[in-house]
S.K.: 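Provided herewith is a single structure, encoded as structure tokens, for subsequent inquiry.
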Amino acid sequence: LGGSPVRARSVMYYEYARACGATCFYDHAEQYLLKALKLAGESSGPVHYPLIELARLNLDQRQFVQAIPYFERALP
């Protein structure tokens, strides 16, 4: 994983985070979505995927106010 291109690591973190969220490991999911977001930004990759997932993760936990900034950042 350490030698993988930045964009590939971003995708791996994103997919792992989605699996964590689906199995209700919300803290772990948030941690890896934030890592994916950081790497996507550094590699000029698509940042809207982790942003939308972060928003949805907050919605699933009924943290509506915390979801808003992620949705706003995802909008063009």
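No experiment lies behind these values; they were computed from the predicted model shown.
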S.K.: Measuring from L57:CG to L34:CG, what's the distance to the nearest 0.5 Å?
M.R.: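 Rounded to the nearest 0.5 Å, the CG-CG separation comes out at 9.5 Å.
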
S.K.: So, does S43 use its side chain to make a donor-acceptor pair with the main chain of V6 at under 3.5 Å?
M.R.: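 No: the side chain of S43 does not pair with the backbone of V6.
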
S.K.: For A55 and A67, which heavy atoms make the closest approach, and how far apart are they?
M.R.: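 Looking at all heavy atoms of both residues, the shortest contact is O-CB, 3.5 Å.
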
S.K.: At their closest point, which heavy atom of A29 faces which heavy atom of G21, and how far apart are they?
M.R.: CB-N, 3.6 Å

S.K.: Scan residues 30-43 for pairs that pass salt bridge (Lys or Arg N to Asp or Glu O under 4.0 Å), counting only residues two or more places apart or in two chains.
M.R.: K38-E42

S.K.: Please list all pairs passing the ring-ring contact (aromatic ring centres under 6.0 Å, His included) test where one or both residues lie in residues 26-55, with sequence neighbours left out.
M.R.: Y13-Y32, Y16-H28, Y16-Y32, H28-Y32

S.K.: Under the rule for side-chain contact (heavy atoms from CB on, under 4.5 Å), what residues qualify as partners of V47, not counting sequence neighbours?
M.R.: L37, A40, L51

S.K.: Would you mind listing every ring-ring contact (aromatic ring centres under 6.0 Å, His included) that reaches into residues 55-76, with sequence neighbours excluded?
M.R.: none

S.K.: Could you give all pairs that pass the salt bridge (Lys or Arg N to Asp or Glu O under 4.0 Å) test and reach residues 61-76, with sequence neighbours left out?
M.R.: none

S.K.: Using only atom types and a distance under 3.5 Å, with no angle test, would you say the side chain of Q63 pairs donor to acceptor with the backbone of L59?
M.R.: no

